[in-house]
Structures are given as C-alpha cells and as structure tokens.
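Data first, discussion second: the structure below is written as structure tokens.
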Amino acid sequence: MKSGYNPHEIEKKWQDAWEKQGVYHAADPTIGSPSTSSGNIGEKFYGLIEFPYPSGDGLHVGHPRSYTAIDIMTRKKRMEGKNVLYPIGWDAFGLPTENFAIKNKIKPQDASKKNIANFTRQIKSLGLGFDWSREIDTTDPKYYKWTQWMFLKFYMSWYDAQASCARPIEQLPIPIDVEHTGDAAVTAYRDAHRMAYKAKTTINWCPKDKIGLANEEVVNGCCERCGTAVEKREKAQWMIRITAYAERLIKDLETVDYLEKIKAQQMNWIGKSEGAEVTFKLDVPGQSADAHTVKVFTTRPDTMFGATFLVISPELAKTWLDVGWQASEEVRAYVEAALKRTDIERQSEGKTKTGVDTTVLATNPSNGEKIPVWIGDYVLGNYGTGAIMAVPAQDERDQAFAEVYGLPIIEKENDERIIDWLERDGMGKRATTYRLRDWVFSRQRYWGEPIPIIFCETCGTLPVHESELPVMLPDVEAYEPTDTGESPLAAIESWVNVTCPSCGGEAKRETDTMPNWAGSSWYFLRYCDPHNDEAFASPEKLEYWMPVDLYNGGMEHTTLHLLYSRFWHKFLWDLGHIPKKCGSEPYAKRRSHALILGEGGVKMSKSKGNVVNPDDVVGVYGADVFRMYEMFIGPFDQDAPWDTHGIEGVRRFLDEVNYLFSMMVLNPRSVGTNPFADSLDAKFEILLNKTVKKVTNDIDNMRFNTAVSSMMILINSFDKVSQFTEKTWETILKILAPFAPHITEELWSQLGHVDSIHLAEWPSYDESKLQSATFTMIIQVNGKVRDKIEAASDITDEEATKLAMQSEKVKAALDGKAPNKVVYVPGRLISISV
RNA sequence: GCGCAGGUGGCGGAAUUGGCAUACGCAACGGCCUUAGAAGCCGUCUCCCGCAAGGGAUUGUGGGUUCGACCCCCACCCUGCGCACCA
C-alpha cells in the first residue's frame, strides 16, 4: 500500500455523516399539491432490489452484487437531479427461521429480530444509499395488517371475465334459478366465485417440513426447500384465483421492459394453448346409449378423424366412480393405485405408459365411429378437461399407448373445417387452456400471516372485520408443527376460540397461515408510504412513486415472486386501491443479476466450505474495494467465480487513486505537476472525455465491469500527465463516486467541498473533445495489417490512398501489382486489395 | 423433446455493434528495492518459427456473404439454465 489508503479510517465516518445529513432520503410529494411533478423535489426514480430474507447465515456475497449495481445506478440518477427512492426491508416470515426457532426452543420473533439486526449491520457496512427511514418488515403487525386486509379483498371479490377485471363480490350477478333455490345456494354460488376460495384439493405435502406446498414449490416431485419427496394429501386449502389473470399476465408483458428470457420464462410458466373443447357421447354398459358425455381438450381438432380412442385421467375416473359408475374391479384398482402414486414415482417410470380399458364406448363426432375409452395416468387430471382424444398416428404419446395395448393406429386426412362443423352442431367450441394453476395459499405453520377468517357453525365462513385487523400471531413459548395436517395454531385454544362476529356464538379462527410469497407480493407499494396507518399507502404517494422504474433480482424468482406480485398489483389496481395512473404493471423494467460462485466455478455452499463472508472481505479491504470488485468481477448478468487474488487489482486501483490525488493535488511540487494550469494535456483531455462518456453509458446499460476498466485506463494514463486542473480531479471523483462512495467523499472534502459529492452534479462530456486531430491509420493489404501511420483525422479518400501507397511496407506487400480496390474508412483504416 | 443463454490466452473477461482480436484485471516469469519477507516499482506474457528484425496461425467445427467477420447467413458439435407425458 503506497498511499496509506486506509478504508477503515474513513468509511464509518462517512456512513454516519450521510445518515445524519439524510443524503439518501427520498422526498415525498406534498400532499394536496396539484401537480407532484411541478414541485421542487424533481422527477422521481424508483430503484428496487428484492428485499432479503434475513437468514441466520447472514449476508451472502451474492446479495451485494445486486444491491451495489442498483446503488450505482440510483446514485447516478441522484447526481443527475432525480428524486431517488432506493428502499430496503425484510421478507422475514418463513420456514428456515421457524425451523431454527423450534430446534433451539426460542421464539421465531426473537430469531428474526436477531437476524435482521445482523443483516442491518452488514448492509450498512457496505455504504449502500438506502433510505433507512422507509425500512419495512413483513412480520411487523403494522405491515401484515395490510397483507391480511388484502386477503380480505381477495375474499370479497370475484373475477368478471366479461369486463376482464376483479370486482366486489356484492356485484356478482346471481342467476335466477340459484336465487330461487334459497340462501344456501346463493352463498355457495358466491363462494364458488370468490378470488380467494376454500377448496378440497390434493395438495403436495412435505412430510419433513410438515407443510402443504404450492405447485411452484415442488421441484421434480420433491420439496424445493428440503428435497424430501412430496406426498399427496387431501385437504381443504385456501386458494387464490390467479388463473383468472393468466391472459393479462401474458398480454401485459408487451408493455414492460423485461429481459427477453424473463418474459419467455413467464410465458412458459403460464403455458397458453389454443385449441378446442370437444364433446364425445358415451355408451356406458348397462345404461342407455348417449346418456353421458365427456369433454376433451385438444390443440389439434383438425386431426380428429384419426382419433381411435379416448383416454381419461385417473382423477376424472375417480369422479365418475364417485357418482355411481359400476366399473370393474380392475378399473377400480387401477384408479386407486394411480391416485396414490407420488409424482416422483410416476417420473421414475419414465415414459412407459400404463392404463386400463373402461369398456365404455365413445362416439367420434367427426365420423360417428365408436371408439373405446381408456384410463391412463399419462393424462393429467388438472390440465384441460382431464381427458384427451388419442390420435396415435399424430402424437408420440398416444402412439406409445396404442402400441402397449394394441389399439388401432390409423392415418387420416386432417381437416381444418372440423371446428366450424362442431360449433354448428354444438359438439365443440374453440377453447384456450393454461398450464398455470390456482395459487395454494394455505400453510400449516406458525410463522406466517394468520388468514383473517372465522368459522361459525351457525353463520358459516366469515371474514374478520377490517377494524379488527391485524389478527395477531399469538405470542407463545413453544409449539411444534403437527403430523395431522393442522397448523400449530390449532392447538392454541385461547387464540382459536372466538365469538362469532355475526351471531355472537362460539366460533373458531382459521388456523392456516399465508405463504412466504404473500408479504413480498406488495412490499414495493408499502415503500411508497411505509408509516401510513390509514391505508397500505396513500393514493397520492402511489401515484407519485409507482411504477418501479427499475427492479433487479434473481432469475430464481422469475416464475414465482415476479408472477405473484404482478398479479397482486393488477388485482389491487382493478379494485381501484392503486390509482389508475400508476398502470397495471408494477415494474417498468426488470433486470437480473447472476450468481457469484465459489473459487473454481462451483456453487458456494457451507458443505463445500467455500463460502466467502462479506464481513471478512470488508474487514480486510473495506467496502469500496469490495463493491468495486463485485462490479469488476464480470458481466452483471453472467455467473462469475470469486477470486481472492482478483480483488487485489481493485485494491491497487483505489490505492493509486488516493496516491495520485495526494501527490498531484495536495503536494504537487513533489511530482512536478501543475494543478493551476488552465488547460489539460490534449491527449489526456480526450481520454477524460471518452471515459466520462463510457462510464455514463456503461452505468445506464449495467455494464459495470467495463466502466471500472475504463477508469483504470484513465488512472494508468496519469504517468504521462503534467498539466491538469482541479476540475479534472472533481470529474474523476464524480464518475468514481457511485462505485466507491467513501474514498471519493473523503477526497472531495479534501478539495474543500462541504456538501456531499453524492449530491453533486453528474459530469457531462464534450462531444467535440472525443477525437484528436490525428489518428493512427491502419493499412490493410488483402485483409492483413501491413502498416500503421499517423494521419490527420480529416483527410480525404485520395489523400489517404496516397499516404498508404507511399508506405515501404505496403509497397513490399503489393509486390508491384496495382490495387484493384481501395476502401477508406474515415478515422480508422484503409483497405487495399489486389 | 421445447424454450433461453453461451463457447475468445493459464484464468475472469474486452472489442466503439462489420474495421488494429486478446483492452482492463488476475496468475506466472525475469529484474530492482530489502538482512529477509510483505508491500511497492520496472519489464515479459495468445500460440508456433526466429538471437533479432520479421513471418505464419488463431475467437467451438465446417462452409458462405464481404475489400474486411468474434460480430451477419447456413449446417453441425459442445456447455449451462428453465420447462417437461400440458394433448
């Protein structure tokens, strides 16, 4: 260390100073002001990172990669005069904390507090420009009050497919026949249309975590968290009707700036298929012909002439059995066995097809042929209608099934017109299906938001009144998850038993809690107005701050959090809780960081012992070096291995900056430079302008690695500089400030500035000073570089050609032949071919 | 199988989007400084031939377009990620 650069002496000092001066404070619009944009707080910029889950492991070096990147971008926006909102908070509900608490017999509340304190200390040590006055915590009752409030909105709404928007449940039209049947029928009708509804479904049950999982949390038939094979269980679960928004979640991707791969993944996940739903009449043995029908979904109705059998899913077969179908023992046994099998068992069998003949016959509406109906578990119960028409001549899977059971495979002409005929005859219609499933919203755990619902024997299911929110988690010393499928809350009688808000009789609380995804589905809204007790956020503040201008996060959240929060935002927007002006999409732009791997390119993990702790790095090198290294490590959207030596290069760079500054500015005579010169070395001035331009553009395009390298080039060029102005150093410090906020603030103050460099104006560059009067002209002969000569930048074609032809090396390469083509590219090269 | 991203020195990577391939950094090697080490400083560093001057080859492979291709087009190989019996 040649300059005596000691980050530990200055970093804490400036972090305290920034906090005291409120340098990163985001100013709210004045409530009631007619135009928020005309006030003196300026145009807003809302930058967002995914708020962390405060785990017991502490911060991972991956977190700061995202935080620093957006920190750099928001710092630059601030210097460009924007009113920047860059907030931080905690997504603190969740399993790891709960499991840790159970294991150590402590309260999750306490474990969570401790983890948050540790994360806070770590994040603050990095000098990130977060507005800490807006810190939020999803486990704070003041926060989850609103999460529960939003659940009630889901419960009290239905989706109007005609109008394509959610509406209050009171506005649901009740069909006359339902109304005539009585109050119970009306209630049932409403319940069947709510956005949040309870349904008995087969859920994915993790026997280790003792919890029901959403489809999205099951990876290859195993629990995403612990890897245990999931089991199937029947349980009444709260569901949220995200499928109602499938079309809008696809369509509105057109209106936002997301990375292409993020859009592709979202589309893939929603999985839209267009085709037809076709009705087949059935002949069930022992019953009159055509008494029953079955509907199938197909994307290829034109191939219907080649349909030689139908296959229904075991799930659909079960519903037939439940309504009294007299099937054979063989059929019953197959259905029972198929339904018991876990996904992992099914997958381990590969693509081998199994099935059983129902002996039921169906009539192919395209040609009147009688074809057999089979049950097969390659047909999924929860997609389409749960039944397919098999066209073995066209479809590999149908073909495989046909081959196993010796069913006919017949090649027929396809005909596009079939769908029109079916529609005319009422035997089919055009239909669209999605792979997206409704969101299983119940968790049988303690450490989550209680679902604010009460059950009364007399009055049925009742929402907790809004004025009673939040429904607080009971403060208990000990609890365990249960094997019964009930939440641990069910065992806490003093909490469960309540009086019915309607009749005043005995009633019980819903004991399931919400999934981890609930609190993170709307946190970006709360940041706009985090201390509001009257609403989750005021319309004025939402209107000013939303949408989020730039949201960065991991690719692992593309199909879950990103989809859920887009959906949640649209729902609140439909109901008018978010001003229409904000738009129906929460994030205008979504980008994604990649991973930081361990040395050697493998994933960091405790078991491999290759985890780098940010505390250790900051302890040795300081925050500025750590930040800059993470930006220099490689392209932001590409995985990069940590390199313990690599960080030395960045350390040397900041050391050099500090050294040159002290020599040239504070002690100029010692190096023979002149800080009072009124002009710069011409070459240096060009490089400086180029660097400002490059850093400016690179930050905007998230190309931080090349921004850092261009600043290194600038600093390396200082050996040859003798004339510079004080303004030169101001410019250099300013472009470096977003990357290394502490050292630049320190040197800035040494130049005599009282106000923070982070509120100083971002430097501009002079377009006219990006190019010098001469350039090195490359001379190519037949595509090979043969010579390089200095030439005036403004020479003509003819002059360039003349110069080139004078070169001895060119003459040698031409070997006496006359050129047949010469191309001069101004300012770059001349290409001669013979 | 479908979708997405990528393949450049020993390593991380750069290349103004068709114009000097290998910037910047790391590692390595040689030297200076030092009692010694650390730090620091100077130099070499894509590969092959050559003492050198210089020459040749080179961006996964093969072809094409072009005065000129890491970049565009065609075919193929490989790696990573996501989805996956979705009819």
Ring centres under 6.0 angstrom apart (A/Y434, A/Y383):
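Ring centroids of A/Y434 and A/Y383 are no less than 6.0 Å from each other.
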
Once you apply a heavy-atom cut-off of 4.0 Å, does A/Q638 come out as touching a base, just sugar-phosphate, or nothing?
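Sugar-phosphate, backbone atoms only, no base.
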
Over all strands shown, is A/V379 touching base, sugar-phosphate only, or nothing at heavy-atom distances under 4.0 angstrom?
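Contact class for A/V379: base.
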
With [atom1] as the reference atom in both, quote the distance from [N] to [M] in angstrom, rounded to an integer.
N      : M      : atom1 : value
B/rC76 : B/rG7  : C1'   : 14 Å
B/rC74 : B/rC85 : P     : 32 Å
B/rA57 : B/rU22 : C1'   : 15 Å
B/rG13 : B/rU61 : C1'   : 23 Å
B/rG40 : B/rC26 : P     : 10 Å
B/rG80 : B/rU8  : P     : 14 Å
B/rU16 : B/rA84 : C1'   : 42 Å
B/rG62 : B/rA23 : P     : 25 Å

Among residues two or more places apart or on two chains, list those pairs meeting side-chain hydrogen bond (donor to acceptor under 3.5 Å, both in side chains) that have a residue in residues 782-793 of chain A.
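Those involving residues 782-793 of chain A are A/T774-A/E790, A/T776-A/E790, A/D787-A/S807.
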
Any side-chain hydrogen bond (donor to acceptor under 3.5 Å, both in side chains) involving residues 701-711 of chain A? Give me the pairs, sequence neighbours left out, ordered by first then second residue.
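Non-adjacent pairs meeting side-chain hydrogen bond (donor to acceptor under 3.5 Å, both in side chains): A/D698-A/T706.
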
Return the residues of residues 793-801 of chain A meeting this criterion: a heavy atom under 4.0 Å from some atom of RNA chain B. Order them by number, or give none.
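Residues of residues 793-801 of chain A under 4.0 Å from RNA chain B: none.
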
How would you list all residue pairs meeting salt bridge (charged side-chain N to carboxylate O under 4.0 Å, His left out) that involve residues 261-279 of chain A, not counting sequence neighbours?
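Output for this query lists A/E247-A/K272, A/E277-A/K429.
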
Partner lookup for [N], please. Criteria are Watson-Crick or G-U wobble with both distances under 3.5 angstrom; report none if nothing qualifies.
N      : result
B/rA14 : none
B/rC76 : B/rG60
B/rC81 : B/rG3

So, is [X] near the phosphate of [N], with a side-chain N or O under 4.0 Å from OP1 or OP2?
X      : N      : result
A/N782 : B/rG68 : no
A/S273 : B/rA87 : yes
A/N716 : B/rG25 : yes
A/Y378 : B/rA87 : no
A/R651 : B/rG40 : yes

Listed by chain and number, what are the side chain to side chain donor-acceptor pair (under 3.5 Å) partners of [X], not counting sequence neighbours?
X      : result
A/K318 : A/D322
A/Y629 : none
A/Y378 : A/D398
A/D700 : A/K76

No-H, no-angle donor-acceptor pair, A/K353 side chain to B/rC85 base, under 3.5 Å
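Under the 3.5 Å cut-off, the side chain and the base do form a donor-acceptor pair.
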
Which atom pairs link the protein and nucleotides 19-22 of chain B when you take only N or O atoms and keep those under 3.5 Å?
residue: B/rC20; atom: O2; partner: A/K788; partner atom: NZ; Å: 2.6

Of all the nucleotides listed (B/rC24, B/rG82, B/rC26), which has the minimum atom distance to the side chain of A/M712?
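When the side chain of A/M712 is considered, B/rC24 is the closest of B/rC24, B/rG82, B/rC26.
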
Donor-acceptor pairs under 3.5 Å, side chain of residues 296-307 of chain A to any protein atom, not counting sequence neighbours: which ones?
residue: A/T298; atom: OG1; partner: A/R300; partner atom: N; Å: 2.9
residue: A/R300; atom: NE; partner: A/D302; partner atom: OD1; Å: 3.1
residue: A/R300; atom: NH2; partner: A/D302; partner atom: OD2; Å: 3.1
residue: A/T303; atom: OG1; partner: A/R300; partner atom: O; Å: 2.8

Please list, pair by pair, any protein nitrogen or oxygen found under 3.5 Å from a nitrogen or oxygen in nucleotides 55-65 of chain B.
residue: B/rA57; atom: OP2; partner: A/K784; partner atom: NZ; Å: 3.1

Dump the intermediate steps for salt bridge (Lys or Arg N to Asp or Glu O under 4.0 Å) on A/R65 and A/E630, then the final yes or no.
CA-CA 6 Å; A/R65 194 178 193 188; A/E630 290 224 339; 5.9 Å; no

Can you name the residues that form a salt bridge (charged side-chain N to carboxylate O under 4.0 Å, His left out) with A/E411, not counting sequence neighbours?
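Listed in chain order: nothing, the list is empty.
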
